[in-house]
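Scroll down for the structure; my scribbles are underneath it.
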Amino acid sequence: VELAVGHWYHVAASYSMKERKMRLIVNGKVDREYPVSKPIPENSIPLSLGGTSGGGNHENSFNGVLDDISVWDSPLSAQVVQKMMFARLK
């Protein structure tokens, strides 16, 4: 998906070790799929959104606004993400 400046997008990432895939879902449609060869390791590093964090130094920072962020403990399909796009947040 070609992203345009000044537009809002609904972006979700879904990770399934069972399927060995990471999916990038933009506006309710799978934009990209990436193969996953091993589980994401557990660690004590804080979750970083909108950039990468290496030793406390934030790099490649997203220049924009992130809003209404949710983290789920199971993979979500593109169909579920699409339904959730228009659901009212609780």
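- Panel note: side chain D31, backbone I25; no donor-acceptor pair is recorded below 3.5 Å.
- Nearest approach of R32 to Y34, heavy atoms of both residues: CD-OH, 3.2 Å.
- Follow the hydrophobic side-chain contacts under 4.5 Å out from V71 and you reach L66 in the same cluster.
- For the side chain to side chain contact (heavy atoms under 4.5 Å, CB included) with Y15, the lone residue among P39, P75, S74 that qualifies is P39.
- In this structure, the side chain of R20 engages the main chain of S37 through a donor-acceptor pair within 3.5 Å.
- Under the 4.5 Å side-chain heavy-atom criterion for Ile, Leu, Val, Met, Phe, Trp and Tyr, V11 and L49 are members of distinct hydrophobic clusters.
- Between the side chain of S14 and the main chain of R23, no donor-acceptor pair closer than 3.5 Å is present.
- Two different hydrophobic clusters hold W8 and V5 under the rule that ILVMFWY side chains link at heavy-atom gaps under 4.5 Å.
- With a 4.5 Å cut-off on side-chain heavy atoms, V1 and K29 do not count as touching.
- The NZ atom of K38 sits 10.0 Å away from the CE atom of M17 when rounded to the nearest 0.5 Å.
- For the atom pair CE of M22 and CD1 of I40, the computed distance is 4.5 Å after rounding to the nearest 0.5 Å.
- Residues M84 and V30 fall within the same hydrophobic cluster, defined by Ile, Leu, Val, Met, Phe, Trp and Tyr side chains chained together at heavy-atom separations under 4.5 Å.
- For K21 against V36, the heavy-atom pair with the smallest separation is C-CG2, 3.6 Å.
- Without hydrogens or angle criteria, Y9 side chain to A4 main chain gives a donor-acceptor distance under 3.5 Å.
- Environment of CG in N43: crowded, with over 12 heavy atoms of neighbouring residues, nucleotides or ligands closer than 6.0 Å.
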